[in-house]
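These notes are about the structure you will find just below.
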Number of protein chains: 2
Amino acid sequence: MTQFGRTVRELRERLRQEDARFSLRQVAKRVGIEPAYLSKIERGDVAPPSEATTLRLAEELDADPDWFLALAGKVSSDLQEIIRRRPELFAELIRQLREAPDDAILRVVREVRDGDW
Amino acid sequence: MTQFGRTVRELRERLRQEDARFSLRQVAKRVGIEPAYLSKIERGDVAPPSEATTLRLAEELDADPDWFLALAGKVSSDLQEIIRRRPELFAELIRQLREAPDDAILRVVREVRDGDW
DNA sequence: ACGAGTGTGTAGTATATACGACACATGACA
DNA sequence: TGTCATGTGTCGTATATACTACACACTCGT
């Protein structure tokens with residue numbers, strides 16, 4: 001599972017082509033971790049970092065937080081909390097949607113957004 | 001957060017009134033953990049156990065697995081995997097439903113179940 | 001009185017998580 | 001030819017997770 005690492009590296013290198021401030025060291029500094037650690041993360045030498053660090057990285061690299069957490073093998077703790085408040089309800093809903101096509105889920109999202117409960 | 005422990009104890013004591021096989025020791029044995037450990041769990045002396053152990057406990061005590069995991073502060077790993085496959089879609093859906101009343105979510109569940117995508 | 005079963009207190013442990021510190025080699029630039 | 005910045009290799013560590021092992025005190029039936 002070095003998918004996360006490869007993605008971080010690709011995003012960073014891409015940004016770097018137009019902005020030299022996206023060197024590994026400088027990104028690490030802004031994110032608040034050691035360069036050596038970021039290096040290992042990018043090469044999949046260590047497991048993906050904590051949720052907090054992953055989120056700071058996502059912001060730095062302008063990536064979607066939930067997507068980034070997913071690449072890191074995690075699910076946002078705020079989503080988990082929502083589920084934990086009504087576990088049976090959400091469990092059933094999510095399992096129902098396991099095989100549903102993207103646009104079916106999107107329809108549900110829109111419907112809920114416009115819904116008048 | 002001894003909510004999990006208290007619930008385990010209550011469920012077990014209740015079952016015990018009609019079946020002496022639900023002593024702490026015997027339940028621990030069937031679940032595959034040490035009695036001392038289960039004792040600490042029930043009194044909130046330690047954090048709730050792992051997902052696997054929590055699920056075996058839920059089955060033993062005839063409790064809903066997702067509800068039990070929630071009490072233990074967790075979200076089923078299979079739900080997490082479903083979310084991780086399409087993180088942005090599910091994140092939006094779940095956040096939309098954060099404040100929705102139960103019956104609104106139930107309507108969505110039914111609708112999806114009967115849906116023809 | 002004693003053996004079986006009960007719950008619990010104390011101590012210890014293996015593994016995972018999430019990093020930091022420091023040194024090193026390389027390449028570009030003045 | 002220094003020096004500056006780059007990425008990386010090695011080693012160590014604090015904290016959390018998820019338990020086990022063993023001994024103890026109590027109670028209940030025989």
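Throughout, protein chains are lettered first and strands after them, A, B, ... in sequence-line order, and every chain is numbered starting at 1.
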OP1, OP2 of [N] versus side-chain N and O of [X]: anything below 4.0 Å?
{"X": "A:Ser50", "N": "C:dA18", "result": "no"}
{"X": "B:Arg43", "N": "C:dG9", "result": "yes"}
{"X": "A:Thr53", "N": "C:dC19", "result": "yes"}
{"X": "B:Ser39", "N": "C:dG9", "result": "no"}
{"X": "B:Lys74", "N": "D:dA18", "result": "yes"}
{"X": "A:Arg16", "N": "D:dA5", "result": "no"}
{"X": "B:Arg12", "N": "C:dG7", "result": "yes"}

Is a side-chain N or O of [X] found less than 3.5 angstrom from the main chain of [Y], in a donor-acceptor match?
{"X": "A:Thr2", "Y": "A:Gly5", "answer": "no"}
{"X": "B:Asp103", "Y": "B:Leu106", "answer": "no"}
{"X": "A:Gln80", "Y": "A:Val75", "answer": "yes"}
{"X": "B:Glu51", "Y": "B:Ser77", "answer": "yes"}

Salt bridge (charged side-chain N to carboxylate O under 4.0 Å, His left out) between A:Glu42 and A:Arg12, intermediate numbers included: CA-CA 10 Å; A:Glu42 290 193 352; A:Arg12 188 176 60 75; 2.6 Å; yes

Provide, to the nearest angstrom, the distance between the [atom1] atom belonging to [X] and the [atom2] atom belonging to [N].
{"X": "B:Leu24", "N": "C:dG9", "atom1": "CG", "atom2": "P", "result": "12 Å"}
{"X": "A:Leu38", "N": "C:dA18", "atom1": "CG", "atom2": "P", "result": "16 Å"}
{"X": "B:Asp19", "N": "C:dT6", "atom1": "CG", "atom2": "P", "result": "12 Å"}
{"X": "A:Leu55", "N": "C:dA18", "atom1": "CG", "atom2": "P", "result": "13 Å"}
{"X": "B:Ile41", "N": "D:dA18", "atom1": "CD1", "atom2": "P", "result": "11 Å"}
{"X": "B:Arg21", "N": "C:dG5", "atom1": "CZ", "atom2": "P", "result": "14 Å"}
{"X": "B:Arg9", "N": "C:dT6", "atom1": "CZ", "atom2": "C1'", "result": "11 Å"}
{"X": "A:Leu57", "N": "C:dC19", "atom1": "CG", "atom2": "C1'", "result": "13 Å"}

Check this for me: does any side-chain nitrogen of one of B:Asp66 and A:Arg95 sit under 4.0 Å from a carboxylate oxygen of the other? yes

For the pair A:Arg107 and A:Glu111, find out whether any cationic side-chain nitrogen is under 4.0 Å from an anionic carboxylate oxygen. no

So if I take residues 28-36 of chain A and measure heavy-atom distances to DNA chain D, which residues fall below 4.0 Å? A:Pro35, A:Ala36

Counting any heavy atom closer than 4.0 Å, what does A:Glu42 reach on the DNA or RNA strands: base, sugar-phosphate only, or nothing? nothing

Where along nucleotides 25-30 of chain D does protein come under 4.0 Å, by heavy atom, of base (B) or sugar-phosphate alone (S), with - for untouched nucleotides? ------

Within the modelled atom types, does a donor on one side and an acceptor on the other bring the side chain of B:Lys40 and the base of D:dT20 under 3.5 Å apart? yes

More than 12 heavy atoms of other residues, nucleotides or ligands under 6.0 Å from CD of B:Glu59: is that the case? no

Might you work through the salt bridge (charged side-chain N to carboxylate O under 4.0 Å, His left out) test for B:Glu81 and B:Arg85, ending with a clear yes or no? CA-CA 6 Å; B:Glu81 213 208 304; B:Arg85 283 193 190 149; 2.6 Å; yes

A:Arg30 to A:Phe22 six-membered ring, cation-pi geometry met (6.0 Å, 45°): yes

